[in-house]
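This chain uses plain numbering: 1 for the first residue, then up along the sequence.
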Amino acid sequence: MDEVTQYAKDVLSGKIIAGEMLKIAAQRHIDDLKNKDWQYYFDTDRVEGLLNFAKYVPDPDEGVPLPLMPWEVFILGSVIGWRDRRTGGKRFRNAIVSIARGQGKTYLASVLAAYDFFVQSHKKNNQDIIVASNTVLQSKKLYGYIRGTVNKMRTGVFSGLSNDIADTYESITMKSKNNVIQRLSAEGGKFDSYHATTAIFDEAGDQKNRDAFGKITSGQVKNEEALFFMISTAYQNPNAPLREDIKNVAEDIKNGKHQLDDFFLAVWSQDEPDEVFQTDTWEKSNPLLGLENQHDKLLNGLISERNTKMSQGKINDFLVKNMNVWLNAEQNAAFSLEDVENAVIADFDMHNRQVYVGFDNSMTSDDAALAFVFPYVDNNGEKKFHLYQHSFIPWHKAGSIEAKEHQDGINYRDMEVKGFATVTQHQRGLIDNDFIFQWLMDFVDEYELEVLMFAYDSAHSYAFIKAIEEATTWTMMPVRQGTLSLNEPTKWLQDSFIEGRVTRLDDPMMEKSLMNAVITSDNNGIKVDKNKATLKIDLVDAIVNALQQGLYHFEDFAGNEQSDFERMNDDQINEYFVSGGFGF
């Protein structure tokens, strides 16, 4: 059995300690091998050739070739061995490898770059191999390792090519063919000038948008051997494009959609933050612990680092970098990523339910958002609240919807397809409150909802609000946007995510907004805010508005009869008095 498949089987059998994300990748490999009727196949001869080549690649730290670890074989063998019958080239045009710090990812990059330079592109001319990172300093470090690797190999097994190779601090060139390993950075730009066969992007998790990624891949479309290889640890920004891509590819694999079959994914990470205290699980994120001669030294170092970070109150730093766990590690973050992810449920039937509605109106570049808070009792008899939202997206200030998406880091047109947003159709890109009004009326009618309260920012008197008052008998609640008014619903929402009292659909806009929210405070209490204008939290404001009254829905206190009465609309109040429901 080939080494790639053996590793996958060992992961699935439990022989290798692995997290759930890695098991997804292993199962995918095994399942795909069984599929004989599609365009992809696994070329074990090509894998063997790559592994033989790797025997001559010196480790950047040791200066001599070292045996590849099984996890490294799995990565390299997968991205090189899986092929496309239609093109004869690689199956995987994109690859994400996410792993904890200090696991040898530099060696992995060196093998890939050297393989392309000496073998894959040997019979071709004018081939570009990009070595990139976020900053010039980061790219210098990785490029320095690869440069050292190439220079050692040109004095060894490839000594016959030595005079044909020229290297500088910026590039390594095979002069006779004009094949180049080029150092670049997102900070410096210039990706548009290259058409890379292999592009390696180190610490890709630190990118705030996909600009650099897109410029690289747009230059690879005509090359059947193209590979965009992103490698990174986790970061303290759960809204990073890399994490979104990890999530999307993992979902595609798990759900069998086969829309991202050309996207390789392998993630070594802890399954739960609590595993920070379970050292026997740390191989999930630190596969070097699987080496007997490395285990004790590495484990002792990790334990020391964990204890140091704990004593400094910075355990999240250890979780992110050493356990490869994505966290919202802002000191004043309103919500934790784990709690927000745990609130996701597959479906929720909104028909014929009571609901509290919150509204946050658009101000210049802000979105307008409607939030719906549905109180319900789940199948276990637990009282819960389901959160749903729909946002209305202006683009006037940005200039176009494309610019608005780039500015906010949200694919609004995709959110529109998924039903979580509507991009304005106004010819100047402005919010149309008449449209929002009609959308809301149609939504309430379609799901036959009983609106118990409509809450909105009291600082604004919109024609929109007046239209609702004239068209409905809903109870309207203006909400002051200071900490005195927002303290209680904000704290309640924080506690409810922690305690599992709220649920939500897998709505990327809601997750991103919750992750953007930070807490500000004064003598009167707390409220949610954002660190800069382009971080969207409009729908979180709308949820908090809806909770101003909604959080009391299940309260059982002495004045409960009065509380029920206050929630009634005009028709219900009339029925209450006519029926004698007041009890005298």
Side-chain angles (χ1 to χ4, degrees), residues 345 347-363 366-376 385-396 401 404 410-457 460-479 503-510 513 536 538-543 545-550 553 567-572:
I345 58 176
D347 194 20
F348 183 81
D349 185 0
M350 294 184 288
H351 288 86
N352 297 295
R353 290 189 183 273
Q354 295 179 320
V355 66
Y356 296 86
V357 183
F359 179 61
D360 187 76
N361 199 28
S362 172
M363 300 295 291
D366 289 342
D367 308 338
L370 286 166
F372 302 86
V373 176
F374 295 91
Y376 73 104
F385 294 80
H386 184 74
L387 311 180
Y388 181 79
Q389 69 83 29
H390 194 89
S391 294
F392 302 85
I393 315 301
W395 50 260
H396 172 75
I401 185 58
K404 170 76 170 171
I410 300 172
N411 188 337
Y412 288 119
R413 285 168 291 183
D414 182 53
M415 294 301 100
E416 187 168 39
V417 171
K418 293 178 178 177
F420 297 124
T422 297
V423 176
T424 180
Q425 296 301 305
H426 191 282
Q427 61 181 0
R428 299 293 300 278
L430 300 172
I431 286 292
D432 183 347
N433 282 331
D434 290 339
F435 178 87
I436 298 177
F437 170 79
Q438 193 57 55
W439 185 96
L440 177 60
M441 295 300 106
D442 292 344
F443 183 82
V444 170
D445 287 344
E446 178 184 354
Y447 289 99
E448 300 180 86
L449 301 178
E450 179 186 348
V451 178
L452 301 178
M453 183 73 66
F454 185 93
Y456 60 95
D457 183 351
H460 303 282
S461 178
Y462 332 110
F464 173 72
I465 300 300
K466 295 184 182 299
I468 293 177
E469 290 175 331
E470 293 173 0
T472 74
T473 58
W474 301 348
T475 302
M476 309 294 286
M477 174 179 278
V479 179
T503 59
R504 67 181 189 90
L505 300 180
D506 188 9
D507 174 356
M509 280 190 69
M510 184 178 290
S513 294
K536 301 287 103 178
D538 313 278
L539 65 89
V540 182
D541 289 334
I543 292 171
N545 286 343
L547 288 171
Q548 187 74 22
Q549 184 65 34
H553 185 85
R567 296 191 186 100
M568 293 181 181
N569 59 38
D570 290 349
D571 292 337
Q572 291 170 322

Colleague: Check for me whether the distance between the ring centres of Phe374 and Phe348 falls short of 6.0 Å.
Modeller: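 Yes, the ring centres sit under 6.0 Å apart.
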
Colleague: Nearest 0.5 Å, what's the CD1-CE distance between Ile410 and Met509?
Modeller: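 If we round to the nearest 0.5 Å, Ile410:CD1 and Met509:CE are 5.0 Å apart.
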
Colleague: Testing the basics here: between Val373 and Ala546, what is the closest heavy-atom pair and its distance to 0.1 Å?
Modeller: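 Nearest pair, atom of Val373 first, then Ala546: CG2-CB, 3.7 Å.
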
Colleague: Rounded at 0.5 Å granularity, tell me how far CZ in Phe392 sits from CG in Leu440.
Modeller: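 Those atoms lie 7.5 Å apart.
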
Colleague: Roughly how far, to the nearest 0.5 Å, is CG of Asn361 from CD1 of Ile436?
Modeller: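 Spacing of CD1 (Ile436) from CG (Asn361) equals 6.0 Å.
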
Colleague: Just by distance, do the side chain of Asn545 and the backbone of Ala455 share a donor-acceptor pair under 3.5 Å?
Modeller: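 Not a single qualifying donor-acceptor pair exists.
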
Colleague: Report yes if some heavy atom in the side chain of Trp439 is under 4.5 Å from a heavy atom in the side chain of Leu370; otherwise report no.
Modeller: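 Side chain of Trp439 against side chain of Leu370, heavy atoms only: contact under 4.5 Å found.
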
Colleague: About how many Å separate CH2 of Trp395 and NE2 of His426, when rounded to the nearest 0.5 Å?
Modeller: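 Here the interatomic distance stands at 9.0 Å.
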
Colleague: Please name the pair of heavy atoms, one in Gly419 and one in His390, separated by the smallest distance, quoted to 0.1 Å.
Modeller: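 Taking Gly419 first and His390 second, the nearest heavy atoms are O-ND1, 3.2 Å.
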
Colleague: Which residues pass the side-chain hydrogen bond (donor to acceptor under 3.5 Å, both in side chains) test with His386, not counting sequence neighbours?
Modeller: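 Residues passing side-chain hydrogen bond (donor to acceptor under 3.5 Å, both in side chains) with His386: Thr503.
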
Colleague: Run Ile431 and Asn433 through side-chain contact (heavy atoms from CB on, under 4.5 Å) and show every step you take.
Modeller: CA-CA 6 Å; Ile431 286 292; Asn433 282 331; 3.7 Å; yes

Colleague: Check Pro375 against Tyr356 and note the closest heavy-atom contact, atom names and distance.
Modeller: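 Here Pro375 and Tyr356 meet closest at CG-CE1, 4.0 Å.
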
Colleague: On a heavy-atom basis, which atom in Thr422 and which in Glu416 lie closest, and how many Å separate them?
Modeller: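 Smallest interatomic distance, heavy atoms only, reads CA-OE2, 3.7 Å.
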
Colleague: Can you run down the salt bridge (Lys or Arg N to Asp or Glu O under 4.0 Å) pairs that involve residues 417-433, sequence neighbours left out, and say none if there aren't any?
Modeller: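 Qualifying pairs, neighbours excluded: Asp414-Lys418.
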
Colleague: Under 3.5 Å, is there a donor-acceptor pair between the side chain of Asp367 and the main chain of Ala369?
Modeller: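 No; zero donor-acceptor contacts below 3.5 Å.
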
Colleague: Taking atom CG of Asp538 and atom CD1 of Ile393, what is their separation to the nearest 0.5 Å?
Modeller: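 Asp538 CG to Ile393 CD1: 8.0 Å, rounded to 0.5 Å.
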
Colleague: Report the residues that fulfil side-chain hydrogen bond (donor to acceptor under 3.5 Å, both in side chains) with Arg413, sequence neighbours left out, ordered by chain and then residue number.
Modeller: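 If we apply the side-chain hydrogen bond (donor to acceptor under 3.5 Å, both in side chains) test to Arg413, skipping adjacent residues, the hits are Glu402, Glu405.
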
Colleague: Test your reading of the model: is there a side-chain donor-acceptor pair from Glu448 to the backbone of Glu446, 3.5 Å cut-off?
Modeller: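 Looks like no, no N/O pair under 3.5 Å.
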
Colleague: About how many Å separate OH of Tyr456 and CE of Met477, when rounded to the nearest 0.5 Å?
Modeller: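 It comes to 10.0 Å.
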
Colleague: Can the ring centroids of Phe372 and Phe443 be said to lie less than 6.0 angstrom from one another?
Modeller: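 Here the rings of Phe443 and Phe372 have centres that are less than 6.0 Å from each other.
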
Colleague: Using a 3.5 Å distance criterion without hydrogens, assess whether the side chain of Gln389 forms a donor-acceptor pair with backbone atoms of Phe420.
Modeller: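 Yes, Gln389 side chain to Phe420 backbone: donor-acceptor pair under 3.5 Å.
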
Colleague: Minimum heavy-atom separation for Lys404 to Pro394, with atom names?
Modeller: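 Of all heavy-atom pairs spanning Lys404 and Pro394, the closest is CE-O, 3.3 Å.
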
Colleague: Can you tell if the side chain of Ile465 reaches within under 4.5 Å of the side chain of Glu469, non-hydrogen atoms only?
Modeller: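 Side chain of Ile465 against side chain of Glu469, heavy atoms only: contact under 4.5 Å found.
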
Colleague: For Gln438, enumerate each residue passing the side-chain hydrogen bond (donor to acceptor under 3.5 Å, both in side chains) test, keeping only those at least two apart in sequence or located in another chain.
Modeller: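 For Gln438, the residues satisfying side-chain hydrogen bond (donor to acceptor under 3.5 Å, both in side chains) (neighbours in sequence not counted) are Asp442.
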
Colleague: How far apart are the closest heavy atoms of Ser391 and Leu539, and which atoms are they?
Modeller: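 Heavy atoms of Ser391 and Leu539 come nearest at OG-CD2, 4.0 Å.
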
Colleague: Go through the steps for Thr475 and Gln549 under the test side-chain contact (heavy atoms from CB on, under 4.5 Å), then give the verdict.
Modeller: CA-CA 11 Å; Thr475 302; Gln549 184 65 34; over 6 Å; no

Colleague: Applying side-chain hydrogen bond (donor to acceptor under 3.5 Å, both in side chains), name anything that partners Thr424, two or more places apart in sequence or on another chain.
Modeller: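 Not a single residue meets the side-chain hydrogen bond (donor to acceptor under 3.5 Å, both in side chains) criterion with Thr424.
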
Colleague: Could you walk me through whether Met441 and Thr472 satisfy the side-chain contact (heavy atoms from CB on, under 4.5 Å) test, starting with their C-alpha distance in whole Å, then the side-chain angles of each, then the deciding distance to 0.1 Å, before giving a yes or no?
Modeller: CA-CA 9 Å; Met441 295 300 106; Thr472 74; 4.0 Å; yes

Colleague: For Phe435, what residues pass the ring-ring contact (aromatic ring centres under 6.0 Å, His included) criterion, not counting sequence neighbours?
Modeller: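 Testing Phe435 for ring-ring contact (aromatic ring centres under 6.0 Å, His included), a comparison that skips the adjacent residues, returns none.
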
